[in-house]
Amino acid sequence: MNAGAIIVAGGAGVRMGGPKQFLPLLGRPMVEWTLAAFLELPGVREVVLVLAPDAAREHGSRLSSGRVRVTSGGATRMLSVRSGFAALSEGVEVVAVHDGARPLVSRELVEATLEEARASGAAVPAVPVKDTLKTAEDGRWISSTPERSSFWLAQTPQCYRRAVLAEALARFPTENGATDESQLVERAGHKVRLVPAAYENIKVTTPEDLAVAEALLERRVPGLRPQSRCGFGFDIHRLVPGRELWLGGLRFEHPKGLLGHSDGDAALHAACDAALGAAGLGEIGMMFPPEDPRFRGLASREIAAETLRRLRERGAVLASLDITLVAEEPQLRPHYPALRRSVAGIFELEEGAVSLKAKSHEGLGEIGRGEAIACYAVASVLLACPAARRP
Ligand code: MG
C-alpha cells in the first residue's frame, strides 16, 4: 500500500494560551513525537506536515527531511487539510489525516485504520463514550439523556482512499469550518467504517492534557524524563578606548569598551558557553571561529540565538542562567533590572530564571585596574534522553 499522511499542526492553541505543537513533552516538541509515530511505519511513504505560516518559516527546514515535507496551512483545520492534500504526491493511494496534537497515536492504530480505509474507502478511529450524555440546549437545564451506546468519540488518523477524500473536498469547497473531513465524506454519501481505537490517543488541547500525555508517554517508554544538566562558562575581554561597551545585550555609556572579534559582550559569551556546556555542545568558538572574517563585528545576541537553536536541535531546553560579572567600572548594580530583563529576553527565559550580579575585583590585578571585564556563568538545561531524540 502506498500511504501518505497529512499531519495538521497549524492551530493557534487558543485553549492552551499559545501554539501547542512545539510545547515540550518530556523534553521533545509535541509535533516531533507525532511525526515519529508515522515515520516508524515503512508503508507511510510520505508525511506532509502542515504548520501555521510563521511556524513553517521557523521550523520548516529543521523538520523537513527524508519522507517529511512541511507546508503552510490556513486559518481553520479544514483549510490546512486542503493545503496538505494539495501537497501530496500523485502516487499516494491511501491518505491518513492526523492531528499534530495527538502524539500518543500507536503504530497499530495507524496501520489498522489505513488497512480499513484501503479495504472500504474510509475509516475513522473512535472510542465509545464512557460518561453519561446529557443535552442542555440553553446551557442551564438538562433537556434529555440520550442513549449512550450509539455515541462514539472520533479520533485521528482518519484514513481515506485518495479518490474518496478528493471527491469530498471538491464537492464541499466552502465547508472550511468542519472539525473533521469524515463529515464531508459522510455527506458525500460514502460509508465510513469505525475502527476501535485507544483512549490513550488523546488530543492535547488544554494544559492538563500535557501532564496526562507526559505520564502516558513515560509509561510507554520508561526513563524518558528529561535530565537536568548544568554547565559553566567563563569569558574575559580587554577594556580599551574607542569601543562601545556591551554587556548582557545592553550598551553602556562608558569611555571604554570591550575589545573582541564580536561586540565583546563577555556576559552573553559566558552564558552561551555555560548553556552549550550543559548540553554537551562545545563552546561558542567552535560555532563562530574568531579567525573567520565573516563573524567580525557580530552582535552577541546572534551568538545567543544560534546557541538556542543548537540546544533545540539537541532536544535541550535552557532552564536557568546565573551570571556574575567582574568589573571595576562601570557601576553595574543600578542596571541589574535592565540587564536581567535583557538577558531573559535574549535567552527566551522568564526573568525569574535569570540571576545577574556584579562584583568588583577590589583593585587587584588587570580587572582591578580597569583593563578588563570578566564574567562567569552557570546554566542549567533540561535534556531529553537519547531515546527521546529525533529519529
Ligand atoms: Mg568573548
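Counting starts at 1 for both ligands and their atoms, following the listed order. The basis for the numbers below is simple: all heavy atoms, side chains too, and nothing from hydrogens, waters or symmetry mates. Quantities reported herein were computed from a predicted structural model and do not represent experimental measurements. Residues take their numbers from the sequence shown, with the count starting at 1.
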Angle class for the Phe288/Phe295 ring planes (parallel below 30°, perpendicular above 60°, tilted otherwise)? perpendicular

Sorted by first residue and then second, give each ring pair (Phe, Tyr, Trp, His ring centres under 6.0 Å) pair with at least one member in residues 113-140; sequence neighbours left out. none

Measure the spacing between CD of Gln155 and CZ of Arg102 and express it to the nearest 0.5 Å. 5.0 Å

If you round to the nearest 0.5 Å, how far is CG of Leu194 from CH2 of Trp152? 5.5 Å

Tabulate below the donor-acceptor pairs under 3.5 Å that side-chain atoms of residues 243-253 make, not counting sequence neighbours, or state none.
from	atom 1	to	atom 2	distance (Å)
Arg243	NE	Leu258	O	2.9
Arg243	NH2	Leu258	O	3.0
Arg243	NH2	Gly260	O	3.4
Arg243	NH2	Ser262	O	3.0
Glu244	OE1	Trp246	NE1	2.9

Can you list the residues that meet the salt bridge (Lys or Arg N to Asp or Glu O under 4.0 Å) rule with Lys134, with sequence neighbours excluded? none

A correct count of protein N/O/S atoms found below 2.8 Å of the Mg ion (ligand 1) gives 3

